[in-house]
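Heavy-atom basis, side chains included; hydrogens, waters and symmetry copies ignored.
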Amino acid sequence: MTQGSAHDTRSAATLFGSRAPSTAWERVPLADSPGRHVWVWYKPQGLGEGLLVTVPDDAWAPDPQRGPLTMRALLRAIGLDAAAVPLWSVYGVPCETQGGTNPLLDQPIPPPPPGADPRIAVYVAPVQWPGPAASPAVSVAAAGPGLPIFMRIENDWNAILQIEANLALLRKQLAAMLARINTLNRDLSPDERQYGDRKDKSDWQIARRWLRDVATKLSRCIKDHDMGHTSSAGKRNQFEQVYQQWITPRVAFDGLERVQRDFEQHRKTVATLLNNMQVAYSSAAQDGERRAQEILNRLAAKVRTARTRR
């Protein structure tokens, strides 16, 4: 990294560090894409030194004049150098910037899949600068050889906290979806049985099997969230205790590398849970709720038509 780039990174981190937390979503134009903008919430509660980004629906529309939206362009619009950002999370999936060299920074950001948390989370690490001309490499070397491991653990832990925030929101969505699925899974009413034809009744029996299947998947995901390794009933509290007791104060101990691998594995575990919950929600919406509602709407139309003919 050149001295100039180190200065840019330091300036970005300093400006962000002095910024007050948002009290409402703030509109940020995308300089590289005229006519497009995003909404940003700086330093939201629970994220600490970070921010959340929401991309409006019209910003996803393809336009050869504007080009695709990339993470690097998004960070540039917010006023951050990618080197000042250790990691970001798109729809709950964490990615490390690798000092601004990760090629994913220049890949188009995909639109959020159905049921996913549409927000993009960015973690901005506080940077300690020993002098005006120092670079991050100098800071790491001056702090001793253990710092890279501590930084990796810290990055994993912050990614875990981001994913947990997404999990908490998605868990509420799954519970609400499960309630709707259970309400839909019912016998046909007398009028629906009377005015529905054989195909309607057959389709409804198939739809109910789908409803039972997606309800089982939703319940399993909710249980995994509440009682699995990512919960307080699992190993989650142990990771938090280790982080507060050893990682935050930078206290070296035997087995630090093993702990770093444990944190990395736990990050992958919570990311897998988030993906499973997103898939379960999407399946419930598409294969369960929408399928059942289409058949019930069809039957309701037949019932209304029959009643008007009386």
_Nearest heavy-atom neighbours spanning His37 and Pro56_ = O-CD, 3.1 Å

*Looking at CZ of Arg72 and OG1 of Thr97, how far apart are the two atoms once the value is rounded to the nearest 0.5 Å?*
9.0 Å

*Can you find a pair of side-chain heavy atoms, one from Leu52 and one from Trp39, that are under 4.5 Å apart?*
no

*Do side-chain atoms of Glu264 reach the backbone of Arg261 as a donor and acceptor pair under 3.5 angstrom?*
no

*Distance in Å, Ile153 CD1 paired with Ile247 CD1, rounded so as to fall on 0.5 Å steps*: 3.5 Å

*asked:* I'd like to know whether Phe263 forms a side-chain contact (heavy atoms from CB on, under 4.5 Å) with Tyr243, so could you lay out the CA-CA distance, the side-chain angles of the two residues, the decisive distance to 0.1 Å, and finally the verdict.
replied: CA-CA 10 Å; Phe263 270 81; Tyr243 183 81; 4.2 Å; yes

*asked:* Do Leu104 and Ile120 land in one hydrophobic cluster if side-chain heavy atoms of ILVMFWY residues count as linked below 4.5 Å?
replied: yes

*Considering only heavy atoms from C-beta outward, does the side chain of Gln260 approach that of Met151 to under 4.5 Å?*
no

*Go through the steps for Leu296 and Glu192 under the test side-chain contact (heavy atoms from CB on, under 4.5 Å), then give the verdict.*
CA-CA 8 Å; Leu296 290 178; Glu192 290 168 336; 3.9 Å; yes

_Salt-bridge present (Asp191, Lys302; N to O < 4.0 Å)_ = no

*Is it the case that one hydrophobic cluster holds both Tyr281 and Leu169, taking links as side-chain heavy atoms less than 4.5 Å apart, direct or via other members?*
no

_Count I, L, V, M, F, W, Y as connected when their side-chain heavy atoms are under 4.5 Å apart, and connections chain through other members. Are Val55 and Val28 then in the same cluster?_
yes

*Under a 4.0 Å N-O cut-off, is there an ion pair linking Glu289 with Arg180?*
yes

*CD of Glu294 to CZ of Arg298: how many Å apart, nearest 0.5 Å?*
8.5 Å

*asked:* Under the criterion side-chain contact (heavy atoms from CB on, under 4.5 Å), I'd like the reasoning laid out for Met71 against Asn102: C-alpha separation, chi angles, the key distance, then a yes or no.
replied: CA-CA 10 Å; Met71 196 65 205; Asn102 191 332; over 6 Å; no

*How many angstroms lie between OG1 in Thr269 and CD1 in Ile163, if you round to the nearest 0.5 Å?*
10.0 Å

*If you take all heavy atoms of Leu188 and Lys201, which pair is closest and at what distance?*
CD1-CG, 4.2 Å

*Using modelled atom types only, decide if a donor and an acceptor are shared between the side chain of Ser22 and the backbone of Tyr42 within a distance under 3.5 Å.*
yes

*asked:* So does Arg186 get a backbone contact from the side chain of Trp204, meaning a donor-acceptor N/O pair under 3.5 Å?
replied: yes

*asked:* Please determine whether residues Trp210 and Met177 belong to a single hydrophobic cluster, defined as Ile, Leu, Val, Met, Phe, Trp and Tyr linked transitively by side-chain heavy-atom distances below 4.5 Å.
replied: no

*Side-chain contact test, heavy atoms from C-beta onward, threshold under 4.5 Å: evaluate it for Phe239 versus Asp262 and give yes or no.*
yes

*Which value, rounded to the nearest 0.5 Å, describes the distance between Lys268 atom NZ and Asp156 atom CG?*
9.0 Å

*asked:* Is it the case that atom CG in Asp254 sees more than 12 heavy atoms from other parts of the structure closer than 6.0 Å?
replied: no

*Nearest heavy-atom pair of His225 and Leu273: which atoms, and what distance?*
CA-CD2, 4.0 Å

*May I ask you to say whether Arg250 pairs ionically with Glu154, meaning some side-chain N is under 4.0 Å from a carboxylate O?*
yes

*Decide whether Val251 and Ile149 are clustered together by the hydrophobic rule: side chain heavy atoms of Ile, Leu, Val, Met, Phe, Trp, Tyr closer than 4.5 Å, transitively.*
yes

*Any donor and acceptor pair, going by atom type alone, linking the side chain of Ser282 with main-chain N or O of Val279 inside 3.5 Å?*
no

*Does the pair Leu256 and Phe150 meet the rule for a side-chain contact (heavy atoms from CB on, under 4.5 Å), with working shown?*
CA-CA 9 Å; Leu256 181 60; Phe150 282 119; 4.0 Å; yes

*Would you mind checking if Asp203 and Arg291 are paired as a salt bridge, meaning a charged N to carboxylate O distance below 4.0 Å?*
no

*Side chains of Phe253 and Val259: closer than 4.5 Å at any heavy-atom pair?*
yes

_Check Arg171 with Asp226, please: is the shortest side-chain N to carboxylate O separation under 4.0 Å?_
yes

_Using only atom types and a distance under 3.5 Å, with no angle test, would you say the side chain of Asn297 pairs donor to acceptor with the backbone of Gln293?_
yes

*Distance only, no hydrogens: is a donor on one side chain within 3.5 Å (strictly under) of an acceptor on the other, for Thr248 and Gln244?*
no

*Can you tell if the side chain of Val38 reaches within under 4.5 Å of the side chain of Arg27, non-hydrogen atoms only?*
no

*Does Leu178 offer a backbone N or O that forms a donor-acceptor pair with the side chain of Asn182 under 3.5 Å?*
yes

*Going by an N to O cut-off under 4.0 Å, is there a salt bridge joining Arg220 and Asp224?*
no

_Return the CD to CD distance between Gln245 and Glu240, rounded to the nearest 0.5 Å._
12.5 Å

*Check Leu51, Leu105, Val53, Leu74 against Trp88 for a side chain to side chain contact (heavy atoms under 4.5 Å, CB included) and give me the one that passes.*
Leu105

_Within the 3.5 Å criterion, strictly below it, is a donor on Ser202 or Gln205 matched to an acceptor on the partner's side chain?_
no

*Return the minimal non-hydrogen interatomic distance between Gly100 and Ala82, and the atom names on each side.*
CA-CB, 3.8 Å

*Is the shortest side-chain N to carboxylate O distance from Glu164 to Arg236 below 4.0 Å?*
yes

*Heavy atoms only: give me the nearest Cys221-Ala280 pair and the separation to one decimal.*
SG-CB, 3.7 Å

*Would you name the heavy atoms of Val40 and Trp25 that are closest together and state the gap between them?*
C-CE3, 3.6 Å

